[in-house]
Amino acid sequence: MVLLSIGAYAQQTVVSGTVTDATTKETIPYASFMITGSTKGGRTDADGKYNITISGNYSQLTFSYVGYKTQVKTIKPGVAQVVNVQLQSEAMQMNEVVIKGGKKPPYRNKENPAVELIRKVIANKPKNRMENYDYVAYQKYERMLFSMSNLSEKFKNKRIFRNYQFLFQEQDSTKIGGKNMLPVYQQEKLSNSYFRKNPEKMKTVVVADKQVNFDERFVDNEGLSSYFDRMYQDIDIYDNNISVVSNLLLSPIADGAPGFYKFFITDTIKTHQPQLIELSFTPRNKMDLLFEGKLYVTMDGNYAVQNAYLSVNKNINLNFVRALEAKLEFEQNPDSRYHLSKSNLIVDFGISKKNGAGFTGERTVTFTDYKINQPPADSLYLKGGTLVVVPDAKKKSEQFWAENRPEALSAANAKVYRNLDTLQRMPGFKRTMDIVTTFVAGYKSFGPFEMGPVSTFYSFNNVEGFRLRLGGRTTTDLSKRYYFETYAAYGFEDLKWKYFLSGTYSLNNKSIYAFPQNYVRASFQRDTKIPGQELQFVQEDNFLLSFKRGENNMMLYNDFYRLDYVHEFENHFSYSLGLRKWKQSPAGSLYFNNSADNVFSRINEINTSEVTLQLRYAPHEKFYQGKVYRTPLVDKYPIFNLRYTAGLKGVLGGEYGYHNFLGSIDKRFYLSQLGYADVTVEGGYNAGKLPFPLLSIHRANQTYAYQLQSYNLMNFLEFVSDHYASINIDQNFNGFFFNKIPLLRELKLREVMSFKALYGGLRDENNPAKNPEALQFVRNQNGVHITNALDNGPYMEGSVGIGNIFKVLRVDAVKRFSYLDHPNVSSWGIRARVKFDF
């Protein structure tokens with residue numbers, strides 16, 4: 001394992017200045033500079049400015065940028081100085097320019113030298129990728145800076161910021177982010193990465209990690225880091241699709257790029273060795289999720305990308321993104337191939353595309369100490385998982401960072417950690433964060449106890465009528481080992497109290513909401529629920545879900561006694577063991593009837609005792625730990641679930657013995673320009689002679705909200721099965737078709753489609769139509785079955801819809817294709833869903 005060394009401090013040389021074009025006098029953003037005789041350096045910022053602190057007796061800096069002649073500047077060791085640099089253009093001058101009038105010829109791929117060149121780049125992709133080598137090792141430095149941006153002087157001078165002026169940074173107002181910026185987050189990470197081709201393995205050892213640490217009562221620091229990692233992933237120009245702000249944009253050198261981009265040869269740089277061709281590209285449709293920019297291609301037979309500038313059209317169908325710039329730099333390997341040496345991605349977000357305050361995120365990644373085909377010890381790949389964090393990674397000293405950063409922080413960015421630490425200690429800031437957290441997370445903090453969630457304080461249904469609920473949970477301020485959660489609710493129609501109490505003990509001394517979880521929980525819950533809907537501790541009372549269609553007076557009163565053990569591992573495999581005692585009693589118009597002929601043979605309750613083992617594997621999963629629950633960040637990797645439940649007859653009052661199996665796979669398929677499809681495949685089997693409340697009651701939805709995992713035109717308790725298989729496909733086209741329609745494309749709408757199919761059945765022993773001893777299905781007042789078996793083929797429904805309405809709303813027209821003769825069903829309906837997405 002290659003470890004970072006800590007050298008001794010020598011005399012300090014501080015150099016700053018501006019790099020400009022010698023002819024136009026314009027600043028050159030992101031120009032490279034290196035300490036001559038070392039491997040350290042940096043790049044100018046968006047304004048062409050640079051600042052570097054040098055330890056050692058170095059006397060020269062080398063400046064370079066694609067299309068300009070390299071220049072070496074002499075510096076004086078041991079003193080602070082300003083060194084401005086003017087770079088001379090090295091682009092080839094044309095001897096003759098011929099201008100012809102007439103109509104502009106249409107763009108064509110055929111016999112287009114730019115397209116012929118990009119096809120050569122595409123054909124040579126395999127040999128120019130890291131995967132072409134047997135072994136690769138490198139050191140990687142990452143820096144993420146997130147700021148409030150484009151802030152007006154009026155905003156800056158508000159009374160609330162009177163004591164916070166030290167936080168603001170100023171820059172050229174013509175640059176991304178505007179004049180006034182307020183940094184709110186910064187993280188740096190230093191790691192060693194190792195790639196092995198056969199068998200393929202990628203291993204990363206995080207040596208140092210430094211970030212702004214917010215008060216955990218308000219912000220989940222680990223979750224925030226994961227969220228930014230998902231938003232700002234590494235850019236690999238050789239991938240067919242490049243992930244940017246949780247969307248995939250087609251690479252300009254993707255296999256199918258000539259069908260979506262226009263390419264133009266715009267310059268030849270002969271003074272660079274090897275010679276470079278400047279290749280400009282632009283989308284054929286300005287609304288599509290595509291880049292525009294320039295590539296610099298080597299003319300040495302490798303057709304490798306030596307530099308790249310990526311941006312997006314201002315009209316792109318990408319929500320809240322006002323501007324995007326990515327710059328990639330490559331360095332030559334000993335075998336004359338190229339590897340990525342630096343990348344810089346800046347994205348400016350805002351509600352308005354043109355003005356107003358917003359947020360700007362900038363991620364810079366530097367790759368150094370690049371080694372090819374030098375195999376490390378085999379033990380390196382055997383110890384730990386694919387990601388290993390050294391124990392003291394978060395405890396590195398300022399001296400360590402000063403010596404091991406390949407790029408020195410600017411004076412303003414170096415103050416971010418200290419400034420935000422100072423901010424968090426201010427009483428006014430704490431009060432502001434407390435208010436924001438209450439509205440966003442739904443909990444009001446009282447130190448060791450949080451009250452909430454506020455969305456459940458008031459709701460209503462046909463059984464309980466008007467329902468009030470009040471509850472909350474303890475926080476880490478009380479204990480990092482013990483957690484308690486509770487609520488009490490009262491229905492003014494049924495005049496019954498409901499309540500919940502749980503106690504959790506964390507076995508790894510971490511929050512039970514943090515990854516990886518390892519805890520034991522005991523709980524009791526007495527409450528109502530709709531048959532077939534999972535009863536969750538804090539989500540079932542949401543006020544907006546109180547509004548339902550059709551008849552909604554079939555519910556259950558439930559008593560749950562539970563003991564659960566949950567254990568997650570670093571590789572994202574987890575298992576849980578549970579013991580549950582459950583008493584359920586019918587409520588409203590729901591009844592349990594033992595006989596088809598005698599209505600007086602009804603039973604009052606069903607008692608079961610169960611033991612459950614659940615296995616889950618979600619490779620590479622990332623999530624944001626919120627105040628209520630963890631939110632997974634959906635990615636391309638599948639999620640596997642397997643659950644086994646055994647009913648224990650005669651144990652703790654259990655009346656039935658049975659075996660239930662449930663398995664599912666969730667996967668997002670990225671389809672390049674056709675968007676993505678979320679696919680869920682699920683199957684279940686119940687072994688044993690059981691009453692219908694213990695069978696698989698399929699997830700129905702009678703609200704007006706479109707629910708991804710439920711059947712949106714199925715009524716509650718409409719179908720039950722003891723064996724079933726289902727598939728759920730939700731396709732998002734990301735505006736691929738609407739972007740081609742004049743006028744309509746200006747609305748930046750997005751097309752969505754879905755299809756759901758459920759095939760199942762009942763064995764004779766569980767089917768009351770064939771076994772009179774089985775618990776009877778529910779009938780309505782006319783004697784017609786409300787509950788049914790899937791004995792006439794699969795249940796199917798589909799939808800077409802429009803997403804991205806006002807950037808947050810999706811509306812679907814849902815069509816039901818089967819079992820249309822059931823009572824109180826609709827063959828179609830309109831459903832809506834609020835979804836925040838880029």
Side-chain angles (χ1 to χ4, degrees), residues 529-535 556 562 564 573-582 584 592 606-618 638-651 654-667 679-700 709-711 714 716-729 755-771 773-778 785 787-797 818-819:
K529 87 179 186 82
I530 298 171
Q533 313 303 301
E534 288 293 332
L535 184 58
L556 291 170
R562 297 184 59 168
D564 297 285
F573 170 79
S574 64
Y575 71 90
S576 61
L577 291 169
L579 180 63
R580 179 174 73 167
K581 175 177 168 56
W582 177 19
Q584 53 181 314
F592 296 160
I606 294 176
N607 292 280
T608 55
S609 297
E610 298 176 338
V611 60
T612 299
L613 170 64
Q614 182 161 334
L615 308 177
R616 185 176 187 271
Y617 181 50
I639 299 175
F640 304 91
N641 280 287
L642 180 63
R643 185 176 69 194
Y644 166 69
T645 301
L648 307 177
K649 186 175 182 179
V651 177
E655 299 170 344
Y656 298 91
Y658 49 87
H659 303 277
N660 294 344
F661 301 88
L662 173 68
S664 67
I665 302 174
D666 299 273
K667 174 78 169 72
V679 179
T680 299
V681 178
E682 184 179 293
Y685 187 86
N686 302 317
K689 184 178 179 181
L690 297 168
F692 74 84
L694 299 181
L695 299 176
S696 296
I697 303 176
H698 299 295
R699 291 184 295 268
Q709 298 302 322
S710 299
Y711 299 98
M714 183 186 291
F716 295 133
L717 201 55
E718 185 177 355
F719 292 103
V720 297
S721 302
D722 57 23
H723 60 278
Y724 74 93
S726 67
I727 186 168
N728 181 351
I729 303 172
F755 177 75
K756 299 175 183 179
L758 169 67
Y759 177 81
L762 285 175
R763 299 187 303 276
D764 289 351
E765 62 182 343
N766 292 322
N767 190 341
K770 298 181 179 181
N771 179 13
E773 296 180 358
L775 192 68
Q776 298 299 298
F777 286 159
V778 180
H785 279 124
T787 306
N788 305 271
L790 288 159
D791 50 10
N792 291 320
Y795 172 89
M796 294 183 293
E797 69 176 40
S818 56
Y819 296 97

Determine the minimum heavy-atom distance between [X] and [Y], stating which atoms define it.
| X | Y | value |
| --- | --- | --- |
| Leu775 | Pro691 | CD2-CB, 3.6 Å |
| Asn767 | Ala774 | C-CB, 4.4 Å |
| Ile665 | Pro638 | CG2-CB, 4.4 Å |
| Tyr711 | Lys756 | CE2-CB, 3.8 Å |

How far does [atom1] of [X] sit from [atom2] of [Y], to the nearest 0.5 angstrom?
| X | Y | atom1 | atom2 | answer |
| --- | --- | --- | --- | --- |
| Gln614 | Asn641 | CD | CG | 5.5 Å |
| His698 | Tyr724 | NE2 | OH | 7.0 Å |
| Phe640 | Ser664 | CZ | OG | 10.0 Å |
| Gln584 | Ile606 | CD | CD1 | 5.0 Å |
| Glu797 | Ser818 | CD | OG | 9.0 Å |
| Ile727 | Phe755 | CD1 | CZ | 8.0 Å |

Please examine the side chains of [Y] and [X], heavy atoms only from C-beta on, and report whether any two atoms are closer than 4.5 Å.
| X | Y | result |
| --- | --- | --- |
| Asn660 | Leu662 | no |
| Asp764 | Asn771 | no |
| Leu695 | Leu762 | yes |
| Val778 | Phe692 | yes |
| Leu694 | Tyr658 | yes |
| Thr645 | Arg580 | no |
| Leu690 | Asp722 | no |

* Test side chain to side chain contact (heavy atoms under 4.5 Å, CB included) applied to Leu577 and Thr612, Leu613, Asp564, the passing residue -> Leu613

* Structure fact -> Sequence neighbours excluded, the answer for salt bridge (charged side-chain N to carboxylate O under 4.0 Å, His left out) partners of Lys649 is none

* Please answer whether the main-chain N or O of Asn607 pairs with a side-chain N or O of Glu655 as donor and acceptor at a distance below 3.5 Å. => yes

* To do: Sequence neighbours left out, what passes side chain to side chain donor-acceptor pair (under 3.5 Å) with Glu765? Give chain and number order.
  => Arg763

* Asked: Does a side chain donor of either Ser696 or Asn686 reach within less than 3.5 Å of an acceptor in the other side chain?
  -> yes

* Using 30° and 60° as the class limits, which term best fits the ring planes of His659 and Tyr644: parallel, tilted or perpendicular? -> parallel

* Let me see the working for Phe573 and Leu615 under side chain to side chain contact (heavy atoms under 4.5 Å, CB included), right down to the final yes or no. => CA-CA 8 Å; Phe573 170 79; Leu615 308 177; 4.1 Å; yes

* So Tyr819 and Phe719, ring pair (Phe, Tyr, Trp, His ring centres under 6.0 Å) or not? Walk me through it. -> CA-CA 10 Å; Tyr819 296 97; Phe719 292 103; 5.0 Å; yes

